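In this chain, numbering begins with 1 at the start of the sequence shown. Computed from a prediction, not measured in an experiment: that's the story for all the values here.
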Amino acid sequence: MSVVIRLARAGTKKRPVYHVVVADSRFPRDGRFIERLGYFNPLLPKDNEARLKLDLEKVKAWVAKGAQPSDRVARFLDAAGVKKREARNNPEKAVPRKERKAQAEAAAKG
């Protein structure tokens, strides 16, 4: 059984509020969960402290037990200093091959 820390949508139509929950990965997004750890309100400004509320002690306990945070929750935990988020692999597939090759050669020379 894999346990994840993820967001569950709440609130009304066009006014989302998300609960940060610990759930079995097989459970539906807004369905059953094991424990609620906090909330996230994306409608508030980024500098407002009420935008994100997490119980960091519970989060640390679940991460120690092996719970895997979702990508968005991992960003929150990285900002809070709980768990370091590794960089994602984002290859430059949109750049034509000739230009990528030229950039790679320029980087190798410099």
Side-chain angles (χ1 to χ4, degrees):
M1 176 177 88
S2 61
V3 178
V4 293
I5 303 173
R6 65 180 176 207
L7 298 176
R9 193 176 195 272
T12 61
K13 181 177 170 184
K14 300 196 183 215
R15 305 285 299 170
V17 175
Y18 295 91
H19 297 291
V20 180
V21 298
V22 177
D24 187 323
S25 63
R26 299 171 291 187
F27 293 163
R29 179 193 71 177
D30 300 335
R32 208 165 119 196
F33 60 89
I34 300 169
E35 186 176 11
R36 184 175 293 148
L37 304 177
Y39 64 86
F40 170 61
N41 187 349
L43 299 177
L44 294 176
K46 291 187 179 181
D47 59 348
N48 191 335
E49 60 190 37
R51 180 179 167 97
L52 175 68
K53 171 79 171 82
L54 285 174
D55 188 344
L56 294 178
E57 297 303 318
K58 288 182 181 179
V59 171
K60 289 177 187 176
W62 278 106
V63 169
K65 292 177 189 174
Q68 294 295 315
S70 67
D71 186 52
R72 178 59 53 187
V73 174
R75 288 173 187 260
F76 296 153
L77 299 182
D78 188 28
V82 174
K83 184 177 179 185
K84 186 73 175 147
R85 184 173 70 99
E86 64 276 351
R88 303 216 25 196
N89 181 17
N90 192 8
E92 296 183 21
K93 292 185 179 179
V95 179
R97 184 169 170 81
K98 290 179 184 177
E99 293 177 18
R100 276 188 298 188
K101 200 171 187 180
Q103 289 175 356
E105 290 174 0
K109 288 181 182 178

From K60 atom NZ to L77 atom CG, the distance as rounded to the nearest 0.5 Å: 10.5 Å
Distance in Å, R72 CZ paired with F40 CZ, rounded so as to fall on 0.5 Å steps: 6.5 Å
Find out if a path of hydrophobic residues (ILVMFWY) with successive side-chain heavy-atom gaps under 4.5 Å connects [X] to [Y].
X	Y	value
L52	V22	yes
L56	V63	yes
V20	V59	yes
V3	F27	no

Would you say [X] and [Y] make side-chain contact, with heavy atoms under 4.5 Å?
X	Y	result
R85	D71	yes
V4	V73	no
F76	L7	yes

Under 3.5 Å, side-chain donor or acceptor atoms of residues 29-38 against the rest of the protein: list the pairs with distances, not counting sequence neighbours.
from: D30; atom 1: OD1; to: R9; atom 2: N; distance (Å): 2.9
from: E35; atom 1: OE1; to: W62; atom 2: NE1; distance (Å): 2.7
from: E35; atom 1: OE2; to: K58; atom 2: NZ; distance (Å): 3.4

Test side-chain contact (heavy atoms from CB on, under 4.5 Å) applied to K83 and D78, step by step: CA-CA 5 Å; K83 184 177 179 185; D78 188 28; over 6 Å; no
Sequence neighbours left out, cut at 3.5 Å: what donor-acceptor pairs do the side chains of residues 102-110 make with other protein atoms?
none

Minimum heavy-atom distance between S25 and S2, given as atom pair plus value: OG-OG, 2.6 Å
Short side-chain to backbone donor-acceptor contact, R51 and P42, under 3.5 Å: yes
